[in-house]
Each structure stands twice: as structure tokens, then as C-alpha cells.
Amino acid sequence: MLRIFRTIHRNVEEIDTIEDGCWIALTDPTARELFTVTSELGIEVDALRAPLDEEERARIEVEDDYTSMIFDIPTTEERNDKEYYITIPVGIFITKEHIVTVCLEDTPILEAFMDGRVRNCWTNRRTRFMLQILNRTVNVYLQYLRMIDKKSDEFSEKMHETTDNQALIDMLELEKSLVYISTSLRSNDIVLERLKKVSTLKFFQEDEELLEDVLIDHRQALEMADIYDSVLSGTMDAYASVISNNMNIVMKVLTIISIVMAVPTLIASAWGMNVPVPLANHPQGFLILCIISVVLSAMCLFVLNKFDML
């Protein structure tokens, strides 16, 4: 899909044709839409296609007619009937008169600009508009990280209350989400550091302040991701230890039961043989054997308890 936007009377509005100072938003574009942008703006088709690869790494490149940047942004996907977090690349291309974004799917970050929910957004101020997209991206990262931390607490409580594997699966999915986010944040950090040194982009004082804010918030998101990842990994390890300990307790109880039950089983086996045995013809023989079995079983329990094996 190809959509064109421009700031008109302080509002971002959709227009029909490509004009100077507009923003061209490509979402899972067709070959014809890519060709249209290439012919109009001179951006190479391969460069436009690069952000459509989910495995594309974050980077920034300077060409003769444009500057391109690929930045990982957070989004959500549904797994096991629950919402989890992943990252996908978005391409930002800045020409002399236009800014182009390319993404594989609709994202809340870009939709906020399309719907006019971002204040002081000017599509003709290309560098500042790019920084506003990056700032919005970092804020969404922080929002998702807080939601991951909240979900982690919920799943942790469930694991204490039940032995169902679903809570463990949910925690594993959260850990996977944190790996995606942490990896993307580290890649983005390199891009942001290099962004300050790109000579083709003109940064005014307000732009430099916004870039510093983005860098500070991005470092905060990176630290939060590392902290939450460590906490979640510790929780998983502790839960694995609890499961192992519970298994050992169960095996211990079953072993004790087997030892105690072996005494009456041995007596019953001996007196059940077709050979002469004591008390075989005694009128109270069965009762006496039962009492002997109970006494010997009690003695086994006493000995096990004496050596702290219960």
C-alpha cells in the first residue's frame, strides 16, 4: 500500500500525489508501488526492498541523492491465543524534498503519525520528522517493556499456584520477546550513535535536543530490557529448581512407601507358599501375622525417622 501525507495547516493530511515536503508511507508495497517511488524520487529498488526482509539488520547508509536508515521497531503478534512482542525493520529514506518510510506491516508507531495523534509534526522538516519517528519508537519500546514486566509478575504468580505447563510456556514466550527486543535495541543503539555523525543530515538546535532525548530514552530502554531479562531468567531458573525439588520430594515419598509396604508383602509372600510355616494351623494365625506386619512396618518408619530420612 502506498499512502502520501503532508502537513497542511499544522495537521497531517493524506493527499493523492507526490509533492515536495510530503511523506510517502509504503506498507507491504507491491512491485508497481516500489517502481513508482523509484521513478519519482530516484531511490534504488533494492534499497526500498531491504526493510521488507524481517531479518534485515539495522544500519544507516549515505548515498548521493538520499540517506537511508533501517531501524528495528516493536510490534505485536499472537501466539497461543496471547499477545507477545517482536521487532520488525522499518526503512526511513530522506531525500532533498521528501521522506519515505517502508515497512512490512501496519504498526502503531506510524499509524499515530497518519492519524494526526503526534503533535508538532511537520513532514517538510524531514530530519525532525525522522527523529520524531525514532522518539515514538523508543517510547513504544518502553511501554512494551513495562507490559512485559507486568505479565512476567502475573505468570510468576500462576506458576506458584499451579503445576500446569501453560504458565511455564507463557514465561518462555516472554523470554523470547525480551531476546528480540534486547537484540534490536543493541542494533538500534549503533545506528543512533552514527546518526549524529552523518554529514548529509542537518540538525538544528531543537533537532539536536530531540536526538539527545531519544538517545537517553533508548539507553534507558536497553537497561530495562537487560534488567528484565536477568530477572526473568532468574525466575525461570528458580522455578526449574522448585520443580526439581518437588520431584525429589515425590520420589522420596514413593520410595518410603515402597520400603514400608515391602515388609507386609514379604511376610504375605512367605506365608502364602505351599510349604509348612509357623502359625499355619493356628486359629488366630492371620490376625497374628497382620499384627506382626504392622509392628515391623512401624519399626521401619521409626528407623527411617531416626536417620532423618522421612
Side-chain angles (χ1 to χ4, degrees), residues 1-8 11-77 86-118 121-137 140 180 184 187-188 190-192 194-195 198-202:
M1 179 185 297
L2 188 153
R3 301 177 67 183
I4 307 170
F5 299 87
R6 185 178 181 183
T7 302
I8 303 174
N11 296 319
V12 176
E13 298 181 7
E14 188 170 0
I15 58 178
D16 298 326
T17 58
I18 297 177
E19 303 176 0
D20 290 347
C22 71
W23 164 35
I24 302 169
L26 292 169
T27 305
D28 192 16
T30 62
R32 183 175 182 179
E33 291 169 342
L34 291 174
F35 178 77
T36 299
V37 175
T38 298
S39 59
E40 290 282 344
L41 307 182
I43 302 175
E44 296 180 2
V45 175
D46 291 340
L48 291 173
R49 284 176 178 162
L52 301 178
D53 181 4
E54 294 182 356
E55 304 299 327
E56 191 68 27
R57 61 181 180 85
R59 65 180 186 272
I60 185 168
E61 296 178 350
V62 178
E63 305 293 342
D64 294 334
D65 299 326
Y66 61 90
T67 301
S68 66
M69 179 176 65
I70 296 180
F71 203 76
D72 289 334
I73 63 175
T75 186
T76 59
E77 72 172 7
I86 60 171
T87 59
I88 59 173
V90 61
I92 303 176
F93 301 84
I94 298 179
T95 67
K96 294 181 180 179
E97 299 295 340
H98 309 86
I99 182 169
V100 181
T101 60
V102 183
C103 194
L104 189 60
E105 61 185 52
D106 292 323
T107 66
I109 295 172
L110 297 180
E111 288 177 350
F113 291 91
M114 297 175 183
D115 298 339
R117 288 182 278 123
V118 180
C121 178
W122 301 86
T123 56
N124 59 325
R125 299 178 183 177
R126 297 174 300 284
T127 303
R128 184 170 182 82
F129 186 67
M130 174 195 67
L131 292 176
Q132 287 177 314
I133 294 176
L134 299 182
N135 185 56
R136 180 79 180 179
T137 299
V140 174
Y180 290 147
S184 296
S187 299
N188 292 345
I190 299 174
V191 173
L192 290 175
R194 191 182 173 193
L195 187 61
V198 177
S199 59
T200 56
L201 299 177
K202 295 181 180 180

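What's counted below: heavy atoms across the whole structure, side chains too, no hydrogens, waters or symmetry copies.
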With a 3.5 Å distance limit and no angle check, can you tell me whether S68 reaches the backbone of F93 through a side-chain donor-acceptor pair? no
Nearest heavy-atom neighbours spanning I92 and T101: CG1-CG2, 4.4 Å
Looking at I43, is its backbone amide N or carbonyl O close enough to the side chain of T38 to form a donor-acceptor pair, meaning the two atoms are under 3.5 Å apart? yes
Using modelled atom types and a 3.5 Å cut-off, is there a donor and acceptor pairing between side-chain atoms of T27 and backbone atoms of M1? no
CG/L41 to NE2/H98 distance, rounded to the nearest 0.5 angstrom? 5.5 Å
Holding to ring pair (Phe, Tyr, Trp, His ring centres under 6.0 Å), I want the full list of residues that pass it with F5, two or more places apart in sequence or in another chain. W23
Any idea which heavy atoms bring R59 and A50 closest together, and the distance? NH2-CB, 3.8 Å
Looking at T123 and G21, what are the two nearest heavy atoms and their distance? OG1-O, 2.7 Å
Can you tell me if E63 has over 12 outside heavy atoms packed within less than 6.0 Å of its CD? yes
After noting the C-alpha distance and the side-chain angles of T95 and D65, does the key distance pass the side chain to side chain contact (heavy atoms under 4.5 Å, CB included) rule? CA-CA 6 Å; T95 67; D65 299 326; over 6 Å; no
Take I109 and C103 through the test side chain to side chain contact (heavy atoms under 4.5 Å, CB included) and record every step on the way to the result. CA-CA 11 Å; I109 295 172; C103 194; over 6 Å; no
How long is the straight-line distance from CD of E111 back to CZ of R117, given to the nearest 0.5 Å? 7.0 Å
If every non-hydrogen atom of C22 is compared with every non-hydrogen atom of I15, which pair is closest and at what distance? CB-CD1, 4.2 Å
Please report the interatomic distance CD(E19) to CD1(I24), rounded to the nearest 0.5 Å. 10.5 Å
For R3 and E14 the tightest heavy-atom approach is NH2-OE1, 3.0 Å
Is there a donor-acceptor contact under 3.5 Å from the side chain of R136 to the main chain of L110? no
Kindly say whether D72 contributes a backbone atom to a donor-acceptor pair with the side chain of N188 at under 3.5 angstrom? yes
Stepwise side chain to side chain contact (heavy atoms under 4.5 Å, CB included) test for I73 and I88: CA-CA 6 Å; I73 63 175; I88 59 173; 4.0 Å; yes
Side chains of Q132 and W122: does their closest heavy-atom pair fall under 4.5 Å? no
Has E33 got a side-chain atom pairing as donor or acceptor with T30's backbone, closer than 3.5 angstrom? yes
Calculate, to the nearest 0.5 Å, the distance between atoms CE and CG belonging to M114 and D106 respectively. 6.5 Å
Checking side chain to side chain contact (heavy atoms under 4.5 Å, CB included) between I133 and each of T137, L131, N135, which is the one that passes? T137
CD1-CZ distance between I18 and R6, expressed to the nearest 0.5 angstrom: 13.0 Å
I86 vs E54, test: side chain to side chain contact (heavy atoms under 4.5 Å, CB included). Steps then yes/no. CA-CA 10 Å; I86 60 171; E54 294 182 356; over 6 Å; no
Could you grab the distance from atom CD1 of I99 to atom OH of Y66, nearest 0.5 Å is fine? 14.5 Å
For the side chain of R194 and the backbone of I60, is there at least one donor-acceptor N/O pair under 3.5 Å apart? yes
Do you know which two heavy atoms are closest between M69 and L134, and how far apart they sit? CE-CD2, 3.7 Å
